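To start, the structure under review is shown below, and the notes come after it.
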Number of protein chains: 2
Amino acid sequence: MSKRTRSQSVTDQLRELILQGTFNPGERLYEIPLAERMGVSRTPVREALNTLRIEGLLDYETQRGYGVREFGTHDIVAAYEARAALEGLACRMAAENGLSKEDLAILERCVADGDSLLSSGKLLPENLARYRQMNVDFHETILRASGARILGDLVRQTHNIPFASNRIMVWDDYQIIHRSHDDHHRIFDAISRRQAKRAEALMQEHVFFAGQVLKKHIEAKARIAEEPGERG
Amino acid sequence: MSKRTRSQSVTDQLRELILQGTFNPGERLYEIPLAERMGVSRTPVREALNTLRIEGLLDYETQRGYGVREFGTHDIVAAYEARAALEGLACRMAAENGLSKEDLAILERCVADGDSLLSSGKLLPENLARYRQMNVDFHETILRASGARILGDLVRQTHNIPFASNRIMVWDDYQIIHRSHDDHHRIFDAISRRQAKRAEALMQEHVFFAGQVLKKHIEAKARIAEEPGERG
DNA sequence: GGTCGGGAGAATGTATACATGAAAGCGAGC
DNA sequence: GCTCGCTTTCATGTATACATTCTCCCGACC
């Protein structure tokens, strides 16, 4: 593919580290140690820090440097609500405008691929990556088909929250995945028939629901992590 | 206030230049001429270009530099639709959570100030800046009161489109301004009474309508600019 | 003993030199 | 005459040296 600069590489690495929770919330990030860790000079590191600040992952104060922004369940839910509103809007616009043959084919393909991957009654671990890719393709195609580049830009930003990325999913419940893929069926149907309002409502609910699932997942995890210490 | 770095200063200057339409759509921006023009080295210019790229004002390709992104009426309308969805969501969340005494007081004050500035039956030119500030305060207070920092971040991005900033308004029609301020009255009422859904709908319409007004304004301008040449 | 002020150290901000890669023009060969 | 490829030129990418400012600590003065 296309060659990437050190800046881009460092940005991606650092973003990944932050999204994975490598750093503590509020932890300060110093340029020089980061540069040494990444094996580059301060220049690409500074560009990466600036980039991630604008993407909303870092806090910054003039002459005082960068710190990892703190996120709570509240922020994650809000990000999903925003994403639901934005993707719902994109879905409506796409349905109103009508999709190109090519985009319709991509969506149809996504739906069919999902059917196939889920046909065994569960999602096999070796199919995880393909399912995830299918999901990303589905959503990005609709965003693109909306004809409004800004919507994609904004949605991408809602992924820049730890745990909120569309690459993160709760995989342990087949029922939930199945329902989610059923949403795709219905969204595809609504878009094909140019039922704009229905398409919008379906997409809103689809994304909102994913956020609720993730929220419960995180809260359950937090409960498990806390409980062992205390006892009744 | 706080001291600003050259990078921040250059970023703000450059953003302003682009939003004002100083550069032609698609025009390439070279680092060295820009640096000379701004009286700084390439370093702050590069940071500014990177920042504005992420903000969505510039296009960029590796090893090929930056260009001014092209925007059409379509993009502006889409930005307003996105903003309507996001601010509507923020408004609903604010109404659901309930506002602090201080925030309620700010909104009340904004409404009263607007009444006062419009009481003469028109908006005097010398009151323009104050009205504009009032409008910004009103919207930002609600965004803050939503409790979701990401919503403010996203909305700010929708302003980063030429002509789409909340600082731009169509001032030549008192009726429209009056109606817009009447929206503020009703939004304040809905938020005070914790009528979340009503607050959301009002804010959506408030922003959407502003976008439509702006669209007509731009189209009218374009028509005037083109017509003199042809005669039928 | 507490507080204010100065200085040392360190981190960020900026400039500049150097490296890398892209694009365009010129020349040679087909 | 056209095309391919080399070379030159210039813009971007990166490293590094230097400037500025913040922070923290220590000492003097109240």
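Chain letters run A, B, ... following the sequence lines, proteins first and then strands; every chain starts at 1. Note that the structure is predicted; figures quoted are calculated from it, not measured. Excluded from the calculations below are hydrogen atoms, water molecules and symmetry mates; all remaining heavy atoms, backbone and side chain alike, are included.
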- Which whole-number value in Å describes the distance from Ile32(A) CD1 to dC22(D) P? 18 Å
- Message: Hydrogens and angles aside, do Glu47(B) and Asn50(A) bring a side-chain donor and acceptor to less than 3.5 Å of each other?
- Response: no
Which atom pairs link the protein and nucleotides 17-21 of chain D when you take only N or O atoms and keep those under 3.5 Å?
unit_1	atom_1	unit_2	atom_2	d
dT21(D)	OP1	Lys3(B)	NZ	3.3

- Can you tell which of dA15(D), dT12(D), dG13(C) lies closest to the side chain of Thr5(B)? dG13(C)
- Message: Tell me the interatomic distance from Arg53(A), atom CZ, to dT12(C), atom P, rounded to whole angstroms.
- Response: 14 Å
- Message: With a 4.0 Å cutoff (strictly under), does any side-chain N or O of Arg46(A) reach OP1 or OP2 of dT14(C)?
- Response: no
- Are the ring centres of His139(B) and His184(B) closer than 6.0 Å? yes
- Query: Could you walk me through whether Asn135(A) and Arg132(A) pass the side chain to side chain donor-acceptor pair (under 3.5 Å) check?
  - Reply: CA-CA 5 Å; Asn135(A) 189 52; Arg132(A) 207 174 65 177; over 6 Å; no
- Considering just the side-chain nitrogens and oxygens of Ser7(A), establish if one lies under 4.0 Å of OP1 or OP2 belonging to dT14(D). yes
- Could you tell me the separation between the CD atom of Glu47(B) and the P atom of dT14(C), rounded to a whole number of Å? 7 Å
- Task: For residues Tyr66(A) and Leu52(A), determine if any side-chain heavy atom of one lies less than 4.5 Å from a side-chain heavy atom of the other.
- Result: no
- Decide, yes or no, whether a salt bridge links Asp12(A) with Arg4(A) under the criterion of side-chain N to carboxylate O below 4.0 Å. yes
- Message: Can you measure Met38(B) atom CE to dG13(C) atom P for me and round it to whole angstrom units?
- Response: 19 Å
- Query: Distance check: side-chain N/O of Arg6(A) vs OP1/OP2 of dA15(D), anything under 4.0 Å?
  - Reply: yes
- Which is true for Tyr60(B) with a 4.0 Å heavy-atom rule: it touches a base, it touches only sugar-phosphate, or it touches nothing? sugar-phosphate
- Query: What integer distance in Å separates Arg4(A):CZ from dG21(C):C1'?
  - Reply: 17 Å
- Message: To the closest 0.5 Å, what do you measure between CG (Asp153(B)) and CD1 (Ile54(A))?
- Response: 11.0 Å
- Atom CD of Glu31(A) and atom P of dT14(D) are separated, to the nearest Å, by 15 Å
- Task: Using a 4.0 Å heavy-atom cut-off across all strands, classify Leu49(B) as base, sugar-phosphate, or nothing.
- Result: nothing
- Query: Can you tell me how far P of dT16(C) sits from CD of Glu36(B), to the nearest Å?
  - Reply: 11 Å
- Message: With a cut-off of less than 4.0 Å, is there a side-chain N or O of Thr43(A) near OP1 or OP2 of dG13(D)?
- Response: no
- Check whether any side-chain N or O of Tyr30(A) sits under 4.0 Å from OP1 or OP2 of dC22(D), and answer yes or no. no
- Query: Rounded to whole angstrom units, what separation is found between the CZ atom of Arg28(B) and the P atom of dA23(C)?
  - Reply: 8 Å
- Item | From CG (Leu17(A)) to CZ (Arg37(A)), nearest 0.5 Å | 5.5 Å
